[in-house]
Amino acid sequence: MSFSRNVRQYWPLSIVTVAVVLGLPFLTGHGEKRPGLAGITGRAGGLSTDSDSLVVEALSKRAGYTRPVGLLPIYGFDGIALETPVFKSWWDGRASIAAGKLHEINANTVVLGQIWKDSIRFHDTVARMHGAGVKVIIQVTDVPDWVDLRDDASGRPQPVPNTFVSGRAAHVLAEARNQGVGTFADFILIGGDATTYASQLQRQKMYQITKQYFPNTPIVRRYGMELDKAEAMLSQPHPMGGNWEDYRFGADECDIALVTVGRGVDEGRVGVRVKAALEQLNHIVSIVKSRHNEAGIIVTAQLADEKLLNNNKTAMWSSKELDQFVSAMLTSTEVDGLLLKGLGLYSYDLGNPEFEAQRTAFRDAAPRVSPTEAVSHGQAIERSPASSESLIQSE
């Protein structure tokens, strides 16, 4: 069953104007004056003692994202890797071919990671993507830019408590600005699962600092399963200090929340339970919108655990599962888009040449404007949502 629904009406993009908050100007690479950073002095510095007032003042200037009227929901992939064996065997590792393939399967947005550090490759890749009608989300900072890391007992790097600073991130942000990220990127991504290493107050400060360098670009922040977990652990201690209550999602820490939705099955198992995934999404949406109604929401999801995606061909969903999952995620009126995790990142994701049927399902499930209604209304979106009844029957 297909249906049409009008795209929500939005007010223009609400940008927090840091000039009101911080008074020191600095020059951009083009000689344009923009607000400067107060109290950023490197590793031992961070924000000045006036930084708390920065956040307090900003609360009256709502951060958020407004999808322009008539613009299709964001749809594509959370990470593509042009240099992996999968891509080289199919897309030859070239941005021009990748952009065309993305367009063919109706993907309109991709997360590209920190490729801005290679200016020539960055500018060429973004130009190719834009030429194919694909928007780009560029990751600028990652966890080590904000906190120290050290290996745990298993050898995995973990954030170190009481090491949050802004000097390193400010340096990275300045480099990214000078590489033209603010001009070429459609969105800026702050990487890392936010609630695992930064409290709400710290995330607000991170947002303010990032916005100083990119005042006109929507800021996307990544949230993993911890966003949901925090709500059930409020009085329990957080590994980074304080209690989980201090790390809950809150207002004015991003323009767009990139939220992780699980598959509704146990770790190590293949497949997806769409009804369970949709229930989780609805819970996450209620959390985000109750705290910051102006924030946009993009769903990111992974087809299976990384180990399975790299070693087990059966980790790939069926065409029916893909269609139902996409439709369910985009049925919510509060969701601004869906990005599947990885395209060529793993051996058996949608970048694998063998999964042509699944790529066709992904293409056919994409939100699209109904040609007839587009002429008469200019904003109608058509998709085939999975009804509650069909989800129950499929499980």
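Bear in mind the structure is a predicted one, so any value in this text is a computation, not a measurement.
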Please tell me whether Gln204 and Asp252 have a donor and an acceptor in their side chains that are separated by less than 3.5 angstrom. no
Quick check: do Gln158 and Asp151 have side-chain heavy atoms less than 4.5 Å from each other? no
Path from Leu308 to Leu350 over hydrophobic side-chain contacts below 4.5 Å: no
Minimum heavy-atom separation for Tyr197 and Gly192, please, with both atom names. CE2-C, 4.0 Å
How far apart are the closest heavy atoms of Ala132 and Gly100, and which atoms are they? CB-N, 4.5 Å
Hey, is the main chain of Phe122 close enough, under 3.5 Å, to the side chain of Thr125 for a donor-acceptor pair? no
Quick check: closest heavy atoms across Val274 and Ala328, and the distance to 0.1 Å? CG1-CB, 3.7 Å
May I have the step-by-step check of side-chain contact (heavy atoms from CB on, under 4.5 Å) for Ile115 and Arg121, ending in yes or no? CA-CA 7 Å; Ile115 67 169; Arg121 178 173 174 242; 3.8 Å; yes
In sequence, state the C-alpha distance, the side-chain angles, and the governing distance for Lys229 and Glu226, and then conclude on salt bridge (charged side-chain N to carboxylate O under 4.0 Å, His left out). CA-CA 5 Å; Lys229 176 182 176 182; Glu226 306 292 346; 3.7 Å; yes
For the residue pair Trp317 and Phe325, does the interplanar ring angle fall in the parallel (under 30°), tilted (30 to 60°) or perpendicular (over 60°) class? perpendicular
Kindly assign one of parallel, tilted or perpendicular to the pair Tyr223 and Phe249, based on the angle between their ring planes and the thresholds 30° and 60°. perpendicular
At what distance, to the nearest 0.5 angstrom, does CG of Asp78 lie from CG of Leu338? 10.0 Å
Given the rule that I, L, V, M, F, W and Y join up when any side-chain heavy atoms are under 4.5 Å apart, are Val270 and Leu340 in one cluster? no
Keeping the roles fixed (side chain from Asp142, backbone from Pro144), state whether a donor-acceptor pair exists under 3.5 Å. no
Going through the distances and angles, do Leu345 and Ile80 end up as a side-chain contact (heavy atoms from CB on, under 4.5 Å)? CA-CA 6 Å; Leu345 289 178; Ile80 62 172; over 6 Å; no
Looking at Lys341 and Asp349, is there a salt bridge between them, counting it only when a charged N and a carboxylate O are closer than 4.0 Å? no
Leu72 CG to Tyr75 OH distance, which is reported to the nearest 0.5 Å: 11.5 Å
I'd like to know if the side chain of His103 and the backbone of Asn108 have a donor-acceptor N/O pair within less than 3.5 Å. no
Gln324 backbone acceptor or donor facing Ser327 side chain under 3.5 Å: no
Test log, rule salt bridge (charged side-chain N to carboxylate O under 4.0 Å, His left out), inputs Arg269 and Asp305: CA-CA 8 Å; Arg269 294 185 59 188; Asp305 304 333; over 6 Å; no
Step by step, would you call Arg291 with Glu231 a salt bridge (charged side-chain N to carboxylate O under 4.0 Å, His left out)? CA-CA 12 Å; Arg291 313 266 171 78; Glu231 302 301 312; 2.7 Å; yes
Go through the side-chain N and O atoms of Tyr207 and Asp255 and say whether any donor and acceptor fall under 3.5 Å apart. yes
Strictly distance-based, threshold 3.5 Å: is any side-chain N or O of Asn106 a donor or acceptor partner for the main-chain N or O of Ala366? no
Rounded to the nearest 0.5 Å, how far apart are OG1 of Thr260 and CD1 of Ile298? 12.0 Å
Nearest 0.5 Å please: distance from the CZ atom of Arg263 over to the CZ atom of Arg273. 11.5 Å
Work out which heavy atom in Asp145 is nearest to a heavy atom in Val140; give both atom names and the distance. OD2-O, 4.3 Å
Checking side chain to side chain contact (heavy atoms under 4.5 Å, CB included) against Val299, which of Val335, Val285, Ile74, Asp336 comes through? Val335
Check for me, please, whether Val136 and Phe184 land in the same ILVMFWY cluster - side-chain distances under 4.5 Å, paths through other members count. yes
What distance do Tyr346 atom OH and Asn312 atom CG have between them, rounded to the nearest 0.5 Å? 15.0 Å
Other residues, nucleotides, ligands: >12 heavy atoms within 6.0 Å of His130 NE2: yes
Atom pair CD1 (Ile137) and CD1 (Ile188), whose distance is rounded to the nearest 0.5 Å: 10.0 Å
Inspect the contact between Glu175 and Arg168 and indicate whether a charged nitrogen and a carboxylate oxygen are less than 4.0 angstrom apart. no
Is it the case that the side chain of Asn282 and the backbone of Glu279 share a donor-acceptor pair, with hydrogens and angles ignored and the cut-off at 3.5 Å? no
Show your reasoning for whether side-chain contact (heavy atoms from CB on, under 4.5 Å) applies to Gln139 and Trp116. CA-CA 9 Å; Gln139 180 177 331; Trp116 59 269; over 6 Å; no
side-chain contact (heavy atoms from CB on, under 4.5 Å) between Phe214 and Phe187, worked out: CA-CA 10 Å; Phe214 303 104; Phe187 307 90; over 6 Å; no
Between Trp146 and Ser166: side-chain donor-acceptor atoms closer than 3.5 Å: no
Taking all non-hydrogen atoms of both residues into account, name the closest pair between Ala357 and Ser319 and its distance. O-OG, 3.4 Å
For the pair His123 (side chain) and Gln179 (backbone), establish whether a donor and an acceptor sit closer than 3.5 Å, ignoring hydrogens and angles. yes
Please confirm whether the backbone N or O of Arg203 pairs with a side-chain atom of Arg221, one donor and one acceptor, at under 3.5 Å? yes
Identified side chain to side chain contact (heavy atoms under 4.5 Å, CB included) partner of Val134 from the options Asp186, Val126, Val110, Thr109: Val110
Donor-acceptor under 3.5 Å (His238 side chain, Asn243 main chain): no
Met225 with Leu281, same ILVMFWY side-chain cluster at under 4.5 Å: no
Just by distance, do the side chain of Gln202 and the backbone of Ser199 share a donor-acceptor pair under 3.5 Å? yes
